[in-house]
Amino acid sequence: MKYVAMIYGNQAKWDSFPAEAWPEAIARQEAFNARYRESGELVGAYGLADAAAAQLVRRAEGVPVVTDGPYLETKEYVASFYLLDCESLERAQQIAADMPFADVEPVELWPVLHESVAGDLPVCE
């Protein structure tokens, strides 16, 4: 079963983190990523840009209409997400709890209910 684990953040949180602590924090995260990639349970780990770089895309009259956004109602946004492939929900919970900052911030865990077969996906060029 696949699960998405999400980490939330905001610019104020990143700014409050001491600059000298970033190298160790990144090393801890990379060690976590390597451990679960090697076990085959981490399919991918993705850090997202700040919310200021996000865009909202709609379709109007068959063409994309792109605006800056999102204009968030809350200060928190998805900062990164991880795709896990685990034998059980309990195992996914163990991995989420093993994330370096899970003792400070919660990790949101969502079961993936549907996965499109790769052959069904259009190729983006």
Side-chain angles (χ1 to χ4, degrees):
M1 178 80 179
K2 289 194 172 76
Y3 297 87
V4 172
M6 294 184 290
I7 307 294
Y8 288 83
N10 61 50
Q11 196 57 49
K13 184 184 293 186
W14 311 141
D15 291 344
S16 71
F17 199 76
E20 64 275 6
W22 277 109
E24 180 187 344
I26 291 169
R28 289 175 56 206
Q29 190 62 53
E30 287 303 322
F32 169 89
N33 293 348
R35 181 169 50 254
Y36 292 106
R37 275 193 185 105
E38 289 172 11
S39 76
E41 295 168 301
L42 178 60
V43 177
Y46 310 92
L48 303 179
D50 187 76
Q55 298 179 331
L56 297 173
V57 180
R58 294 177 174 83
R59 182 180 59 247
E61 299 178 14
V63 297
V65 177
V66 181
T67 57
D68 291 339
Y71 297 103
L72 303 172
E73 298 294 324
T74 65
K75 65 179 184 171
E76 298 289 314
Y77 54 84
V78 177
S80 59
F81 66 95
Y82 303 79
L83 182 58
L84 306 174
D85 192 356
C86 303
E87 291 183 14
S88 67
L89 173 59
E90 292 76 19
R91 180 62 180 150
Q93 292 167 339
Q94 290 170 346
I95 293 171
D98 194 34
M99 286 191 178
F101 293 100
D103 55 343
V104 178
E105 296 288 335
V107 176
E108 196 168 295
L109 191 63
W110 290 65
V112 175
L113 297 180
H114 173 74
E115 181 176 1
S116 180
V117 177
D120 292 346
L121 298 175
V123 176
C124 295
E125 296 179 11

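Values below: all heavy atoms of this structure, side chains included; hydrogens, waters and symmetry mates excluded.
Put simply, OH on Y8 and CD on E108 are 3.5 Å apart, with the number rounded to the nearest 0.5 Å. To the nearest 0.5 Å, atoms CG (L109) and CD (Q93) are separated by 6.5 Å. Note that CG of L84 and NZ of K2 are 10.5 Å apart. Values are rounded to the nearest 0.5 Å. Separation of atoms CD (E41) and CZ (R35) is listed at 10.5 Å; rounding is to 0.5 Å.
Nearest approach of V78 to M6, heavy atoms of both residues: CG2-SD, 4.2 Å. In plain terms, the two heavy atoms of A49 and Y77 that are nearest each other are O-CE1, 4.4 Å. Contact record, R28 with P100: NH2-O, 2.7 Å, taken as the closest heavy-atom pair. Residues A102 and A97 approach most closely at CB-O, 3.5 Å, considering heavy atoms. The two residues G9 and A79 make their nearest non-hydrogen contact at N-CB, 4.0 Å. Residues Y3 and P111 share a closest heavy-atom pair of CD2-CA, 3.6 Å.
Atom CH2 of W14 has more than 12 neighbouring heavy atoms from other residues, nucleotides or ligands inside a 6.0 Å radius.
Linking Ile, Leu, Val, Met, Phe, Trp and Tyr residues whenever their side-chain heavy atoms come within less than 4.5 Å leaves L83 and L113 in two separate clusters. The same ILVMFWY cluster, assembled from side-chain heavy atoms under 4.5 Å apart, contains both Y46 and V112. Taking hydrophobic clusters as Ile, Leu, Val, Met, Phe, Trp and Tyr residues chained together by side-chain heavy-atom distances below 4.5 Å, V4 shares a cluster with L48. The hydrophobic cluster containing F81 also contains W110, counting ILVMFWY residues as joined when their side-chain heavy atoms lie under 4.5 angstrom apart, directly or transitively. With hydrophobic clusters built from ILVMFWY side chains whose heavy atoms lie under 4.5 angstrom apart, L89 shares a cluster with Y82.
F101 places none of its side-chain heavy atoms less than 4.5 Å from the side chain of V107.
With R91 contributing its side chain and C86 its backbone, the two residues share no donor-acceptor pair below 3.5 Å.
In the model, N33 has a side-chain atom that pairs as donor or acceptor with a side-chain atom of Q29 under 3.5 Å.
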